[in-house]
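Beneath this line is the structure, given in structure tokens, with notes to follow.
Any value given below was found using the heavy atoms of this structure, including those in side chains, with hydrogens, waters and symmetry copies removed. Computed from a predicted model, the values in this text were never measured in an experiment.
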Amino acid sequence: MQRGILLFLCILALGRTAVIYKRCQVTRALNDKLLYDKRLTYLGDYFPKDYKMIVRYEEVLRCQNITSLINQGITVEELRYLWGIVNEDILIKIKEVLPDRHPSFGYITELLKIFKELLLDTITHQTEIIQDIMERLRKPDDTGPRKSVRPKALLDNCFRVLYALYEEECNLCNPSRLMAL
């Protein structure tokens with residue numbers, strides 16, 4: 001009986017490790033795609049300097065917002081889900097304004113594929129706070145406060161939050177911190 005329980009726990013631990021390993025592979029691929037030089041090239045250099053998108057306030061997800069939500073009792077898994085959904089929506093909006101032959105079109109398409117892969121293993125239960133944010137995001141575009149933001153700034157925030165949410169679990173490396181050393 002004890003051997004059966006021990007075997008079950010070992011299999012359970014191995015299964016969880018495999019899921020974390022897969023998620024970390026996807027996260028590292030996303031991290032590589034979101035490095036500063038790529039964000040600058042595809043969303044800075046290939047866009048007009050003063051180009052801004054009108055987005056909802058909730059679509060500008062920063063580390064400060066993440067810290068605030070953690071202080072309200074939101075789990076890291078829920079924050080990862082929210083971050084993934086918000087940034088997938090942002091990428092879709094960016095892609096909608098790009099012509100098919102724009103130099104950034106392929107880059108945005110690749111990022112969308114990575115986000116879809118990352119969101120495959122999502123949570124099923126959400127707290128009221130996350131449900132409220134998701135409801136505001138699903139409302140028609142003509143409601144709620146708006147903000148004018150550069151596409152690069154949105155992906156800069158995406159990268160910073162990625163690093164904050166996955167740094168420890170996936171052992172991510174932030175090149176800007178290496179330069180500071």
Side-chain angles (χ1 to χ4, degrees), residues 19-20 22-27 29-31 33-34 38-39 42-44 46-48 50-100 102 104-167 169-170 172:
V19 168
I20 290 172
K22 181 181 183 242
R23 181 173 28 193
C24 286
Q25 281 184 314
V26 174
T27 304
L30 183 58
N31 185 61
K33 286 283 182 195
L34 288 173
K38 291 181 181 173
R39 292 190 319 263
Y42 291 108
L43 296 169
Y46 293 157
F47 277 81
D50 57 349
Y51 181 80
K52 292 185 177 183
M53 298 176 61
I54 306 297
V55 296
R56 292 186 182 136
Y57 178 76
E58 292 84 9
E59 291 175 315
V60 182
L61 193 59
R62 298 182 177 142
C63 287
Q64 179 181 355
N65 305 98
I66 296 297
T67 303
S68 171
L69 289 169
I70 287 173
N71 291 339
Q72 293 178 39
I74 305 301
T75 66
V76 172
E77 287 300 316
E78 289 175 304
L79 290 171
R80 287 175 178 172
Y81 172 73
L82 177 64
W83 167 81
I85 293 295
V86 165
N87 285 290
E88 183 181 41
D89 289 348
I90 288 294
L91 289 168
I92 289 169
K93 285 183 179 187
I94 293 172
K95 190 175 178 181
E96 286 174 353
V97 301
L98 294 175
D100 291 346
H102 191 279
S104 301
F105 191 84
Y107 174 71
I108 298 299
T109 302
E110 289 174 25
L111 285 173
L112 273 168
K113 286 179 187 175
I114 295 171
F115 268 102
K116 286 187 189 313
E117 181 74 24
L118 195 60
L119 287 169
L120 286 177
D121 301 321
T122 58
I123 58 171
T124 55
H125 173 70
Q126 301 171 6
T127 60
E128 287 181 34
I129 297 169
I130 297 294
Q131 288 175 353
D132 181 48
I133 293 170
M134 295 303 292
E135 284 176 22
R136 285 183 279 171
L137 287 170
R138 290 185 186 118
K139 284 184 182 177
D141 281 342
D142 57 346
T143 61
R146 301 286 175 189
K147 201 169 191 173
S148 179
V149 185
R150 289 187 186 109
K152 183 186 171 297
L154 292 167
L155 286 193
D156 288 345
N157 289 333
C158 176
F159 177 76
R160 289 183 195 110
V161 174
L162 164 77
Y163 187 74
L165 292 176
Y166 288 95
E167 172 190 17
E169 182 179 304
C170 295
L172 295 180

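Distance CG/L30 to OH/Y166: 8.5 Å, rounded to 0.5 Å. With values rounded to the nearest 0.5 angstrom, I130 atom CD1 is found 4.5 Å from L82 atom CG. Summarising the geometry, atom CG belonging to L155 is positioned 5.0 Å from atom CD1 belonging to I94; distances are rounded to the nearest 0.5 Å. Within the model, atoms CH2 of W83 and CG of L165 stand 7.0 Å from one another, a figure rounded to the nearest 0.5 Å. Note that the CG atom of L162 and the CD atom of E167 stand 10.0 Å from one another [nearest 0.5 Å]. The distance from atom CG of L112 to atom CG of D89, rounded to the nearest 0.5 Å, is 9.5 Å.
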Just do the salt bridge (Lys or Arg N to Asp or Glu O under 4.0 Å) check on E77 and R80 with the steps written out, would you? CA-CA 5 Å; E77 287 300 316; R80 287 175 178 172; 3.2 Å; yes
Problem - Worked check of ring pair (Phe, Tyr, Trp, His ring centres under 6.0 Å) between H102 and Y42 - result: CA-CA 10 Å; H102 191 279; Y42 291 108; 9.2 Å; no
side-chain contact (heavy atoms from CB on, under 4.5 Å) between E58 and V86, worked out: CA-CA 8 Å; E58 292 84 9; V86 165; 6.0 Å; no
Q.
Apply side-chain contact (heavy atoms from CB on, under 4.5 Å) to residues Y107 and L111 and explain how you reach the verdict.
A. CA-CA 6 Å; Y107 174 71; L111 285 173; 3.5 Å; yes
Criterion side-chain contact (heavy atoms from CB on, under 4.5 Å) on Y46 and F105, from CA distance to verdict: CA-CA 10 Å; Y46 293 157; F105 191 84; over 6 Å; no
- request: Begin from the C-alpha positions of V97 and Y51 and carry the test side-chain contact (heavy atoms from CB on, under 4.5 Å) through to its verdict.
  value: CA-CA 11 Å; V97 301; Y51 181 80; 3.5 Å; yes
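Under the salt bridge (Lys or Arg N to Asp or Glu O under 4.0 Å) criterion, R160 pairs with no residue, sequence neighbours left out. Among residues two or more places apart in sequence or in another chain, the salt bridge (Lys or Arg N to Asp or Glu O under 4.0 Å) test is passed with D156 by R39, K152. Every residue was checked against the side chain to side chain donor-acceptor pair (under 3.5 Å) condition with R62, not counting sequence neighbours, and none meets it.
Across all their heavy atoms, C158 and L34 have their closest contact at SG-CD1, 3.7 Å. Taking both residues in full, the closest heavy atoms of C63 and V161 are given as N-CG2, 3.7 Å, listed atom of the first, atom of the second, then distance. Nearest heavy-atom pair, E59 versus V55, reported as atom, atom and distance to 0.1 Å: OE1-CB, 3.3 Å. Smallest separation of non-hydrogen atoms from L154 and N87: O-OD1, 4.3 Å. Shortest non-hydrogen contact noted between R56 and R136 is NH1-O, 3.4 Å.
Here the side chain of S104 pairs no donor or acceptor atom with the backbone of L43 at under 3.5 angstrom. Side chain of Q72 to main chain of I129: no donor-acceptor pair is present (N/O by atom type, distance under 3.5 Å, no hydrogens or angles). With hydrogens and angles ignored, the 3.5 Å screen pairs no side-chain donor or acceptor of S68 with any backbone N or O of Q64. Remark: the backbone N or O of L61 is not paired with any side-chain donor or acceptor of N65 at under 3.5 angstrom.
Each of I133, L119, I90 was compared with I85 under the side-chain contact (heavy atoms from CB on, under 4.5 Å) criterion, and only L119 meets it.
Between K38 and E110 there is no salt bridge, since no side-chain nitrogen of the basic residue lies less than 4.0 Å from a carboxylate oxygen of the acidic one.
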